[in-house]
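Letters A, B, ... mirror the listed sequences (proteins, then strands); counts begin at 1.
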2 protein chains.
Amino acid sequence: MAIATRAGSRDAELSTPAYVVLGMVRLGARSGYEIKQAVDQSIRFFWTISQVQIYPSLAKLERAGLISGRSEPQGRRPRRVYEITKAGVTALEGWVRRPGDMPFELRDIGLVKLFFADVLETTDALELVQAVRRRSEERVELLRLIEPTAHDAEAVGDVYPLLTLRIGIRFHEAMIDVCHEFETRFR
Amino acid sequence: MAIATRAGSRDAELSTPAYVVLGMVRLGARSGYEIKQAVDQSIRFFWTISQVQIYPSLAKLERAGLISGRSEPQGRRPRRVYEITKAGVTALEGWVRRPGDMPFELRDIGLVKLFFADVLETTDALELVQAVRRRSEERVELLRLIEPTAHDAEAVGDVYPLLTLRIGIRFHEAMIDVCHEFETRFR
DNA sequence: ATGTGCATGTAAATTGTTACATGATTCA
DNA sequence: TGAATCATGTAACAATTTACATGCACAT
């Protein structure tokens with residue numbers, strides 16, 4: 001997937017997932033479990049992370065002094081909670097600031113099928129276009145459900161989650177538009 | 001990456017990359033080398049494939065009777081060229097037609113950074129927004145260069161490449177819009 | 001008492017990439 | 001004759017997912 005890690009300084013060894021974990025800790029996710037939830041509720045539309053990747057990342061970040069953790073069991077259930085350190089904030093700032101390599105990687109079987117849709121009879125092809133359009137319509141609905149949360153964050157000073165949400169919505173609206181155009185044109 | 005392969009029939013064992021190869025053979029790419037080129041010149045914006053994956057896919061497709069190959073060396077340089085069989089066309093039709101599972105998978109470090117951009121000072125954050133906007137502007141320019149080719153294909157009856165191209169352009173135009181909006185709002 | 005959520009972890013499998021290797025043809 | 005392009009291949013590696021495993025806490 002060619003995720004760039006290289007950087008100028010000593011944090012060259014930190015991977016993108018590690019920075020994602022760091023960012024989520026900064027936003028208030030305390031345990032590995034909470035980080036997974038936070039990702040699934042926010043950036044999952046442009047970045048996913050599996051539970052398995054989180055715990056090694058946390059350990060690495062702690063070794064690097066970017067987060068500090070302490071055991072805080074809930075009763076007899078073990079739990080380790082973390083908070084970001086000053087060094088961690090600096091490292092996160094540095095990563096976010098340097099534009100570096102930001103590949104836009106899209107992998108969409110739907111678009112691949114559309115690209116090849118000329119094999120099909122017109123009606124079948126239009127059904128595929130419809131299916132893709134509906135998929136985006138559902139996605140827009142889903143994203144609209146998140147909007148209130150993003151507005152809450154904006155009120156507290158975190159304005160950028162709203163920006164990424166807007167982009168997601170506009171994205172799929174664009175897809176809906178183009179599909180609709182073709183549907184009316186070839187029906 | 002959770003790419004679904006399951007299907008109802010006997011071609012359940014064919015992966016998405018294999019269908020991509022099949023589709024490209026149908027569109028006239030003859031050798032493995034040409035397939036790689038075709039992918040890089042068309043669907044690379046929503047699907048990539050490395051050279052290494054192509055040759056095993058070709059072998060598998062041939063064993064399944066979906067393409068037929070013959071050795072056609074160029075002088076002393078070995079080369080194997082393929083064409084799609086009737087069974088291959090049927091299989092491709094079936095795959096394209098069934099909507100099945102079409103996950104829209106986006107992985108974009110740029111958007112991740114934007115999401116976390118509230119760590120930065122306003123000016124630094126706006127620079128990041130600009131960088132993301134410029135990236136999309138470049139992408140739109142690149143896609144516009146392909147437009148003539150897609151129009152040529154349309155004239156010959158392959159209209160769907162143009163649809164996917166349009167979607168790509170509108171995608172990035174949407175991104176540019178939202179970025180611009182935020183730039184003027186917070187400058 | 002039982003199901004759902006919290007919390008972490010291991011092992012195996014899959015998927016895909018990078019780097020390397022080889023050699024022929026074509027065109028300037 | 002040297003560089004770019006055509007053409008295929010192997011080996012090692014990196015990233016990520018799936019499946020499995022465990023057990024407590026809490027509310028009904």
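Residues A/V20 and B/V112 are in side-chain contact: their nearest non-hydrogen atoms beyond the backbone lie under 4.5 Å apart. The side-chain heavy atoms of A/E83 and A/R70, taken from C-beta on, include a pair separated by under 4.5 Å.
Counting to the nearest Å, the P atom of C/dT15 and the CD atom of A/E105 are 18 Å from each other. As a whole-Å value, the separation of B/E72 CD from C/dT25 P is 14 Å. A straight line from CZ of A/R80 to C1' of C/dG9 spans 15 Å, rounded to a whole angstrom. Rounding to whole angstrom units, CD1 of residue B/I54 and P of C/dG16 are separated by 13 Å. As rounded to whole Å, 13 Å separates atom C1' of C/dT15 from atom CD1 of A/I109. Nucleotide D/dT5 holds its C1' atom 13 Å from the CD atom of B/Q41, rounded to whole Å. For B/Q51 and D/dC6, the CD to P distance is 13 Å, given to the nearest whole Å. Put simply, CZ on B/R79 is 12 Å from P on C/dT25, counting in whole angstrom units.
Contacts between residues 26-37 of chain B and DNA chain D, defined by a heavy-atom separation below 4.0 Å, involve B/S31, B/G32, B/Y33, B/Q37, listed by number.
For the side-chain contact (heavy atoms from CB on, under 4.5 Å) with B/R30, the lone residue among B/R80, B/M24, B/E72 that qualifies is B/E72. Checking each of B/R144, B/R166, B/R133 against B/E173 for a salt bridge (charged side-chain N to carboxylate O under 4.0 Å, His left out) leaves exactly one that passes, namely B/R144.
Below 30°, between 30° and 60°, or above 60°: for B/H172 and A/F171 the angle between ring planes is above 60°, a perpendicular geometry.
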* **B/S/- contact track for nucleotides 22-28 of chain D, protein heavy atom under 4.0 Å** => -BBS---
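Distances shorter than 4.0 Å separate some side-chain N or O of B/S50 from OP1 or OP2 on C/dT17. Of the side-chain N and O atoms in B/S15, none sit less than 4.0 angstrom from OP1 or OP2 of C/dT14. Residue A/Y55 places at least one side-chain N or O closer than 4.0 Å to OP1 or OP2 of C/dT8.
Taking CG from B/L145 and CD from B/E141, the interatomic distance works out to 7.5 Å, rounded to the nearest 0.5 Å.
Candidate nucleotides D/dT17, C/dG16, D/dT8 were compared by shortest atom distance to the side chain of A/Q53, and D/dT17 ranks first.
Annotation for A/D108 and B/M102: closest pair OD1-O, 4.4 Å, computed over non-hydrogen atoms.
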* To do: Begin from the C-alpha positions of B/T122 and B/R187 and carry the test side chain to side chain donor-acceptor pair (under 3.5 Å) through to its verdict.
  => CA-CA 8 Å; B/T122 312; B/R187 186 184 1 244; over 6 Å; no
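A single hydrophobic cluster is seen to contain both A/V96 and B/L126, as judged by linkage of ILVMFWY side chains at heavy-atom distances under 4.5 Å, directly or through other members.
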